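One-based numbering, in listed order, for ligands and for the atoms of each. The first residue of the sequence shown is numbered 1, and numbering continues consecutively from there. These figures come from a predicted structure and were not determined experimentally.
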Amino acid sequence: MGLKFLLAIPVLIFAIGYKLNSLFEPPPLPKLEEDTWWGLGPRNDTMYEKLILEPFNITVHEQYLVGWRLATHRPLTPPLEGIQQQYGMNTNLLRDIVNYWGSTYNWTERQEYLNQYPQYHVFVQGLGIHVVHVNPKIELGIKIVPLLLLHGWPGCVREFFELIPKLTTPQEGRKYMFEVIIPHIPGEE
Ligand SMILES: *[C@@H]1O[C@H](CO)[C@@H](O)[C@H](O)[C@H]1NC(C)=O
Ligand SMILES: *[C@@H]1O[C@H](CO)[C@@H](O)[C@H](O)[C@H]1NC(C)=O
Ligand SMILES: *[C@@H]1O[C@H](CO)[C@@H](O)[C@H](O)[C@H]1NC(C)=O
């Protein structure tokens, strides 16, 4: 009885160790069907076969900008006394944000900033993807290496804007530059 009990301990420790170890292992990769159609509606073979990069710029027309809507919002209910964000957004903070978006934020400037790098719209197996693609200027003796940069969640291609010039211009002591391809993860645009 006592011996069996003693033998059971190492077995138990091994089993627990094995289970714990499996928690830190990466899960198996999901299997993707190679010819999945990701588009809306039934599969369209013409669209499936095509891989067209359409040049794209962000252009939000003035009439869709919400400045006037922000200026004419209903009066905000004052927050409870001594309250921060316990019951949702504090309306004192919300008022500052509304004022900022309505009068200080300059969409035209932002739009120019966001359009500074070449962007494209591409369909991959029916799924529309927005991608920033910057090709460096070819320089003698410098190798160009393609580099795919992917943002996380929540996130967007904007996170890489400061990095792009460092990757696509010659740097001292480096014999390579990058051609950067930065897609927006679908659903995050
Ligand atoms: C497939 O999509 C293309 C481009 O949108 C369209 O011109 C064509 O009519 C579609 N074909 C079918 C079978 O729906
Ligand atoms: C995007 O904007 C740039 C700079 O103004 C311009 O050169 C380019 O032709 C535009 N592309 C498209 C697709 O509108
Ligand atoms: C917004 O930015 C654009 C482009 O930089 C500039 O021409 C315009 O004067 C700015 N508008 C305001 C209200 O500052």
Determine yes or no for a side-chain-to-main-chain donor-acceptor pair under 3.5 angstrom, with Glu159 supplying the side chain and Cys156 the backbone. yes

Report the residues that fulfil side chain to side chain donor-acceptor pair (under 3.5 Å) with Thr169, sequence neighbours left out, ordered by chain and then residue number. Gln171

Tell me the closest heavy-atom pair linking Thr168 and Val180, and the distance in Å. CG2-CG2, 4.0 Å

Modelled atom types, side-chain donor and acceptor of Gln119 and Asn115, under 3.5 Å: yes

Should the heavy atoms of other residues, nucleotides or ligands under 6.0 Å from CD1 of Ile9 be counted, would the total exceed 12? yes

Numbered atoms and elements of ligand 1 in range of Asn44, under 4.0 angstrom, heavy atoms: 1 (C), 2 (O), 3 (C), 8 (C), 10 (C), 11 (N), 12 (C), 14 (O)

Enumerate the pairs of nitrogen or oxygen atoms, one from ligand 3 and one from the protein, separated by less than 3.5 angstrom; state names and distance to 0.1 Å.
from, atom 1, to, atom 2, distance (Å)
ligand 3, 2 (O), Asn106, OD1, 3.2
ligand 3, 2 (O), Asn106, ND2, 2.4
ligand 3, 11 (N), Asn106, ND2, 2.9
ligand 3, 14 (O), Asn106, ND2, 3.4

Per-atom contacts of ligand 2 with Pro55, taking only distances under 4.0 Å to non-hydrogen atoms: 13 (C)

Across all chains, not counting sequence neighbours, the ring pair (Phe, Tyr, Trp, His ring centres under 6.0 Å) partners of Phe123 are His121

Salt bridge (charged side-chain N to carboxylate O under 4.0 Å, His left out) partners of residues 125-143, not counting sequence neighbours, each pair once: none

